[in-house]
Amino acid sequence: MPARGEFSSRFGFLMAASGSAIGLGNIWGFPTNAASNGGAAFLLVYLVLVFGLAWPALMAELIIGRHAQSNAVRALQGLARGPLTRRLGTIVGFAGILTVSLILSFYAIIGGWMLAWAVEAPARLLGWEAASSWLRADGLSRNVLFDALFMGLTILIIMAGVRNGIEKWGTRLMPSLFLILLGLIVYVMTLDGAMDGLAVYLIPDFSEALDPQLIISALGQAFFSLSLGVGTMLVYGSYISPRESLSTVGWMVAALDTSFAFLAGLLILPAMYVALASGVEIFDASGALVAGPGLIVAVLPALFDTMGGAGGIISVAFFILMSIAALTSSISMLEVPVAYVVETRGISRHRATLLIGLLITAISLTIVANFGVLFDSVVTLTTEYSQPLLGLFFAVFVGWIWHRHGVLEELKKGHAGVEHTLFWKFWPFYIRYVCPVAILAVYVQLIWF
Ligand code: TRP
């Protein structure tokens, strides 16, 4: 078997893992969720859930991955204590692969829109009116082409492997993403209406903070944002050097992801209220703030249109930002099935990536062609049902099936004194009791109410 890939440095891992975590979920999901759920109150609930539940779950995946030095299916099988738990490991591992492949197939559609919008303004500036209106209209040919293009880019990076693909592009793209985001925030803050948006975002309305619906949305958002439950972080964990302290890098990824979501809110909500001040409709028929696809591809382009010449440039910057964020996440999705096939079927990375990548492209194109029927159901099925349930099983594997001693041994690599840290005092209890019970509670809510 060929030597497994490994990230070359802590920085390389952090860029790759935060690249996975930081994506459309941060820039688009978090701000709109916050806006429609009590502003800063949502932010507070979200912080509690990220650090109380999602981060412990992230640690579980990283620890399993590095311990197993293997893909998700083998890793879970390896923790089993007998035939029954081994079978459970196989099922959870495969369900994760299936789920993440489906997540990629809808994510690539949105990624494709972002690419299309990123080239729209240049086309317009060059005077290519027909191209520009084709890129703007939500047509089948545009969506098919850009969906395939986005998948193509994802496939190319994953073909190049861990260091030359995932790590190289993560370290290039993530800092650029940060700079573009900061630049956009500063610019939008100078425009009329920005302060109203800031107020909606940052002034908490506590009457909504304990609403069960808010808590469900915040937990779902936290799990999606940290790429949990499907083996993505497990596989990235398996590429971390044994000399690295997992508890340190784990909280860094959670902190980076959350900071980015917070920053994105400083852009998106002020931008929406700037749009409102320029006469763009930002509320839907029921009076709620526009969220979901409508926000990015309707409200924001309308805002950029009102800005004259600068609008074109801002639009390009914004959609390049979105495309980068989406791409560093989509590669982390494709890596999950690819790692499995490469390691268990003995196929070369090149062929495996091409094969699986094309298969997922085909699924994605099927969704595009039947968008109205399939898109929402695939999103709901994968992110609301499958992801938390699988996350629950990951917690059960670490908290109940794997021996506590084994977990500690893994954590001690790269962090000799971990036994005496606050982390080791609380985390095992969390992953054994708090995480499973809390996820189950949310799940029951979702199914019965
Ligand atoms: N976390 C990414 C985002 O916020 C999306 C993502 C990447 C993801 N890998 C994942 C979501 C695995 C679920 C599962 O956009």
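Both counts, for ligands and for their atoms, begin at 1 and track the order of listing.
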Between S364 and S105: side-chain donor-acceptor atoms closer than 3.5 Å: no
Donor-acceptor side-chain pairing of E384 and Y443 below 3.5 angstrom: no
Reference residue S225; test side chain to side chain contact (heavy atoms under 4.5 Å, CB included); the match among T258, L24, V50, D257: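 Passing option: D257.
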Candidate list W117, F304, Y187, W28, test ring-ring contact (aromatic ring centres under 6.0 Å, His included), partner F318, passing option: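 Output: one option passes, namely F304.
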For each nitrogen or oxygen atom of ligand 1, which protein N/O atoms lie closer than 3.5 Å, and how far apart are they, rounded to 0.1 Å?
from	atom 1	to	atom 2	distance (Å)
ligand 1	1 (N)	S20	O	3.3
ligand 1	1 (N)	A21	O	2.9
ligand 1	1 (N)	F224	O	2.8
ligand 1	1 (N)	S225	O	3.0
ligand 1	1 (N)	S227	OG	3.1
ligand 1	4 (O)	A21	O	3.0
ligand 1	4 (O)	G25	N	3.4
ligand 1	4 (O)	N26	OD1	3.3
ligand 1	9 (N)	S227	OG	3.3
ligand 1	9 (N)	S332	OG	3.3
ligand 1	15 (O)	L24	N	3.1
ligand 1	15 (O)	G25	N	2.9
ligand 1	15 (O)	Y107	OH	2.6

Residue Y430 excluded, over 12 heavy atoms near OH under 6.0 Å: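 Count not over threshold, so no.
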Other residues, nucleotides, ligands: >12 heavy atoms within 6.0 Å of L381 CG: yes
